[in-house]
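What follows is a short report on a single structure.
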Amino acid sequence: MADKIKTFLKKFKIWRSFKLRLLIIIFLMGIIPSIIMRLGILENYESRAVAVRISDVQTQLRIIANHLITYNYLQDTSSEVIGAELEQISNLYNGRVLIINGNLKVVKDTYGISEGKTIVSEEVIRCMKGKNTADYDSVNRFIEITIPIVETVSVPDDNGGEAREKEVVRGVMLTSVSTDTIVNTLDILNRQAIIMGNIMFIFIFALAICLARILVRPFERVTRAISEVKEGYTDEPISVSDYLETEHIVDAFNSLIKRMKTLDDSRQEFVANVSHELKTPITSIKVLADSLLAQEDVPAELYHEFMEDIAEEIERENKIINDLLALVKQDKSVAQLNISMVIINELVEIILKRLRPIAKKSNVEVTLISKREIVAEVDEVKMSLILTNLVENAIKYNKEQGKVEVLLDADHQFFTVRVRDSGIGIPQEALGQIYERFYRVDKSHSKEIGGTGLGLAITRSAVQLLRGSIKVESALGEGTAFTVKIPLTRTLV
Ligand code: ADP
């Protein structure tokens, strides 16, 4: 049922407005206590006024009851003094007084209707036993009060001692007094309260509207500021510090914008780099081809030499394109990992076997140290890519007669591959940039070697896909060590 109401309310867009909800809450918080207070005060007034009236009448009746005994009124109702007193009280309270004697017979009725009749009501009987009663009938607007007419008599002590005083109930005064005056006052109060209530209703409603508008304003300012950024009026960080909440929203937005800008900048830089890198071999090809075309009767050897250079440039272009494709494919394929149990030691051996002939060319010795057997849940293709790139670099950027050492180790959570070479090393200031796309420490040297500057970018992104980390240590002229640390299982991290 509650869900149905919620879905029903959700259909009305206005109900989802924070301002409206705030308005309703402030309004209810203002109006409910005032209604409760109004009803409470009126209710309290009525019971207080009735209690005061009962106590007043009881006091008067007690005095008259004493007089009744003094004037022996229950036997002889001719006393004018009592008659006047009874008349006065019934006029004062707009009521009726009945005097009932010990035989439950009415000896006096100020209305003169019931004299001589017998009254056996529950209240009268109870009062005969010495108990006062007072009942308020709010519907018919009167209070019925009974007071016993008590005479104090002396009774001799049974044991022959001094006489004791004893109270004997001789009759009952049954009185009904009107509460019209109380009810009238209550009506007036009620009417005034309703007028006040209405004024308060309007006042609180207006206050709720103002407060809701003021309180929501900072959120509207946030929306406006965001729209301005969206529409391109400004690209400055926005600031709405009225509330901590708006500050948090704005901070989150600013960091999002900053991130988007960084991404945009790096994308632009990447595109610029790609164009530049792709253009370089083409320019060389064009220069070579043009110089061939410009000469007549080109000797066959020169022709052959130029064509070899052109083929080399095409090969380089091809390599850049392949690396780029690998990088782009990798960016997209987070979800397309092909995870399987791989014996890392075997994989490294296969890769080293493939790369040893290249190492041999530059007289570089490649050794493998396996500390233990490692079986890990990885994507085999990505893992080969990481190992190939690192070992290839270690060979490429090595010295004549240099050394490359691959060390495999593992603990119970991760396995590590360290590729250490005795090569040219990387300057400290370049260490932070080597993973950037197209970054090369020494452009000319790198070109000579055949690097595209994409290898380490590809390597790092593959390591990240395998939820691992990569770290580099290097000393210029002495060598470099790359350490890759990857979890043994996918569920671990
Ligand atoms: P490249 O295709 O040029 O090798 P990489 O991204 O693999 O591109 O490497 C970026 C740069 O980092 C290289 O140009 C090289 O200057 C430097 N570098 C990478 N590995 C090593 C290494 N083992 N020793 C020295 N320099 C290295």
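Order of listing sets the numbers, starting from 1, for every ligand and every atom in it.
Residue Gly423 places no heavy atom under 4.0 Å from ligand 1. Put simply, part of Ile426 is less than 4.0 Å from ligand 1, judged by heavy atoms. Distances from ligand 1 to the non-hydrogen atoms of Lys396 include at least one value under 4.0 Å.
Those atoms of ligand 1 that come under 4.0 Å of a heavy atom in Val441, given as number and element, are 14 (O), 16 (O), 17 (C). With ligand atoms numbered from 1 in the order given, ligand 1 contributes 10 (C), 11 (C) to contacts under 4.0 Å with heavy atoms of Tyr439. Close contacts of ligand 1 with Arg440, meaning ligand atoms under 4.0 Å from a residue heavy atom, involve 3 (O), 14 (O). Near Thr452, meaning under 4.0 Å from any of its heavy atoms, are these atoms of ligand 1: 1 (P), 2 (O), 3 (O).
At a 4.0 Å heavy-atom cut-off, ligand 1 does not touch Leu390 at all. Heavy atoms of Thr480 found under 4.0 angstrom from ligand 1 belong exclusively to the side chain.
Comment: Glu277 engages Arg440 in a salt bridge, judged by a side-chain N to carboxylate O separation of less than 4.0 angstrom. Remark: Glu405 engages Arg420 in a salt bridge, criterion side-chain N to carboxylate O under 4.0 Å. Look at Lys403 and Asp421 and you find no salt bridge, because none of the NZ, NE, NH1 or NH2 atoms lies under 4.0 Å from a carboxylate O.
The aromatic rings of Tyr243 and Phe219 are tilted relative to each other, their planes meeting at an angle between 30° and 60°.
Annotation: Gly453 places an N or O atom under 3.5 Å from an N or O atom of ligand 1; distance criterion only. Between Leu456 and ligand 1, a contact under 3.5 Å exists for at least one N or O pair.
Evaluated by nearest non-hydrogen atom to atom 3 (O) of ligand 1, the leading choice among Phe482, Tyr435, Tyr397, Phe438 is Tyr397.
Ring centers of Tyr136 and Phe142: at least 6.0 Å apart, outside the cut-off.
Results of the side-chain contact (heavy atoms from CB on, under 4.5 Å) test with Val472 over Ile434, Leu456, Thr483 single out Ile434 as the only residue that passes. Residue Thr146 is tested with Asn132, Thr133, Thr175 for a side chain to side chain donor-acceptor pair (under 3.5 Å); the sole match is Thr133.
In this model, a donor atom of one side chain and an acceptor atom of the other lie less than 3.5 Å apart for Asn140 and Asp137.
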